[in-house]
Amino acid sequence: MDKLIKQQLLEMADEEYRKFSSSLIPNINNVLGVRLPVLRKIARNIARGDWRTYLEQAESEHFEEIMLQGMVIGYVKTDIEDMLRLVADFVPKIDNWSVCDSFCNGLKFTLTNRERVWEFLQPYLVSEHEYDIRFGVVMLLDYYMEEAYMDRVLQLLDNAKHEGYYVKMAVAWAVSICFVKFPELTMKYLRSNSLDDFTYNKALQKITESYRVDLEMKSIIRTMKRKN
């Protein structure tokens with residue numbers, strides 16, 4: 001089954017798109033150049049068939065093969081504990097922001113299992129591995145930007161310590177979305193936090209870039225930048 005999928009991917013590879021995609025993900029060199037809508041279509045077809053055999057046999061030689069596995073997991077129908085086992089098996093394969101963020105976006109089952117998934121995410125948020133933490137942070141960003149979780153989300157973001165660039169950027173992005181949705185609570189956090197200077201200043205930058213923050217507030221945010 002996987003050999004057929006690999007052949008399909010090779011046939012659908014686009015050299016110009018490969019160059020474009022590779023430029024956006026500088027830390028990998030195994031891109032074929034298959035567009036995401038094509039991958040989603042293949043993933044849906046796999047999810048309707050013998051997806052377990054596919055996931056057991058799937059190779060991870062190319063970026064698209066890993067991306068496809070993540071998409072398939074998002075589309076399959078099974079119980080929550082089985083889903084979490086599939087997720088846990090996949091996370092170690094994540095080695096770039098694109099696969100990470102696409103994978104998180106597809107895990108819609110979280111919406112009906114928030115407390116169970118919240119519990120599942122905790123070890124990832126204190127991991128020593130860059131993409132474990134990014135996975136946890138992007139999951140918070142995608143599914144927990146709600147009042148009931150906001151205090152806990154901000155605390156977890158504050159505790160997500162890692163020198164990896166893609167962790168820092170994810171945390172900054174998440175803090176900026178917290179501010180857009182809950183400005184008073186997040187402002188209080190911004191005035192008393194333990195973020196490193198890069199992440200803190202990047203969060204402020206992202207807030208000022210948001211079209212959902214008014215000009216007066218952007219001016220205040222700019223004055224809060226830490227001087228290096």
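Residue numbers count from 1 along this sequence. Since the structure is predicted, the reported quantities are computational estimates derived from the model, not experimental observations. Just so it is clear, the values below take in all heavy atoms, side chains as well, and ignore hydrogens, waters and symmetry mates.
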With sequence neighbours left out, the residues meeting side-chain hydrogen bond (donor to acceptor under 3.5 Å, both in side chains) with Lys181 are none
Who are the side-chain hydrogen bond (donor to acceptor under 3.5 Å, both in side chains) partners of Ser127, not counting sequence neighbours?
-> Asp132
Do the non-hydrogen side-chain atoms of Val99 and Asn96 ever get within less than 4.5 Å of each other?
-> yes
Start with the C-alpha distance between Gln122 and Leu156, add both sets of side-chain angles, then the distance that settles side chain to side chain contact (heavy atoms under 4.5 Å, CB included), and finish with yes or no.
-> CA-CA 9 Å; Gln122 299 312 302; Leu156 288 172; 3.3 Å; yes
Pairing residues for Tyr124 by the ring pair (Phe, Tyr, Trp, His ring centres under 6.0 Å) criterion, not counting sequence neighbours | Phe120, Phe135
Side-chain contact, heavy-atom cut-off 4.5 Å: Tyr200 with Leu190?
-> yes
With hydrophobic residues grouped by side-chain heavy-atom distances under 4.5 Å, do Val126 and Ile133 end up in a single group?
-> no
Near Glu184 CD, under 6.0 Å, is it more than 12 heavy atoms from other residues, nucleotides or ligands?
-> no
For Ile80 and Val117, run side chain to side chain contact (heavy atoms under 4.5 Å, CB included): C-alpha distance rounded to whole Å, both residues' side-chain angles, the deciding distance at 0.1 Å, then the answer.
-> CA-CA 9 Å; Ile80 177 63; Val117 177; 4.2 Å; yes
dist Met217:CE -> Arg222:CZ (nearest 0.5 Å) comes out at 12.5 Å
Residues 206-220 vs side chain to side chain donor-acceptor pair (under 3.5 Å), sequence neighbours excluded, gives Gln205-Glu209
Is it true that Phe109 and Leu111 fall in one hydrophobic cluster, defined by side-chain heavy atoms closer than 4.5 Å?
-> yes
Between Val137 and Leu157, is any pair of side-chain heavy atoms under 4.5 Å apart?
-> yes
Does Lys93 reach the side chain of Ser60, with side-chain heavy atoms less than 4.5 Å apart?
-> yes
Does atom CD of Glu115 have more than 12 heavy-atom neighbours, drawn from other residues, nucleotides or ligands, at distances under 6.0 Å?
-> yes
Might you point out which heavy atoms bring Trp97 and Leu24 nearest each other, and give the distance in Å?
-> NE1-O, 3.1 Å
Let me check something: any side-chain donor-acceptor pairs from residues 165-178 under 3.5 Å, sequence neighbours excluded? List them with distances.
unit_1 : atom_1 : unit_2 : atom_2 : d
Lys168 : NZ     : Asp196 : OD1    : 3.3
Lys168 : NZ     : Asp196 : OD2    : 3.2
Ser176 : OG     : Trp173 : O      : 2.6

Donor-acceptor pairs under 3.5 Å, side chain of residues 25-34 to any protein atom, not counting sequence neighbours: which ones?
unit_1 : atom_1 : unit_2 : atom_2 : d
Asn27  : ND2    : Asp95  : O      : 3.1
Asn27  : ND2    : Tyr131 : OH     : 3.3
Asn30  : ND2    : Glu61  : O      : 3.2

Could you please spell out the steps behind the side chain to side chain contact (heavy atoms under 4.5 Å, CB included) verdict for Met83 and Asn113?
-> CA-CA 11 Å; Met83 285 299 296; Asn113 298 276; over 6 Å; no
Residues in side-chain hydrogen bond (donor to acceptor under 3.5 Å, both in side chains) contact with Asp101, at least two apart in sequence or another chain = Arg134
Rounded to the nearest 0.5 Å, how far does CD of Gln69 lie from CD1 of Ile94?
-> 11.0 Å
By ring pair (Phe, Tyr, Trp, His ring centres under 6.0 Å) - contacts of Tyr149 (at least two apart) | Trp118, Tyr144
Side chains of Thr78 and Arg52: closer than 4.5 Å at any heavy-atom pair?
-> yes
Side-chain contact test, heavy atoms from C-beta onward, threshold under 4.5 Å: evaluate it for His62 versus Glu65 and give yes or no.
-> yes
Interatomic spacing from CG in Leu185 to CD in Glu147 - rounded to 0.5 Å = 8.5 Å
Gap separating the CD1 atom of Ile207 from the NZ atom of Lys202, nearest 0.5 angstrom = 13.0 Å
With a 4.5 Å limit on heavy-atom distance, are the side chains of Leu86 and Phe90 in contact?
-> no
Donor-acceptor contacts, no H, no angles, side chain residues 39-48, under 3.5 Å, sequence neighbours left out:
unit_1 : atom_1 : unit_2 : atom_2 : d
Arg44  : NH2    : Tyr75  : OH     : 3.4
Asn45  : OD1    : Arg48  : NH2    : 2.5
Asn45  : ND2    : Lys41  : O      : 3.4

Is there any side chain to side chain donor-acceptor pair (under 3.5 Å) pair reaching into residues 186-195, and which pairs are they, with sequence neighbours excluded?
-> Asp158-Tyr189, Asp158-Ser194, Lys161-Ser194, Asn193-Arg226
With Asp14, which residues qualify under salt bridge (Lys or Arg N to Asp or Glu O under 4.0 Å), at least two apart?
-> Arg35
So how far is it from Ile73 CD1 to Asp89 CG, rounded to the nearest 0.5 Å?
-> 7.5 Å
With Glu15 via side-chain hydrogen bond (donor to acceptor under 3.5 Å, both in side chains) - residues at least two apart = Arg18
Quick one: OG1 on Thr223 to CD1 on Ile221, what's the gap to the nearest 0.5 Å?
-> 7.5 Å
Side-chain heavy-atom pair Ser102, Met71 within 4.5 angstrom cut-off | yes
Shortest non-hydrogen pair, Trp51 vs Val72, comes out as CB-CG1, 4.1 Å
Without swapping roles, check the side chain of His162 against the backbone of Gly164 for a donor-acceptor pair under 3.5 Å.
-> yes
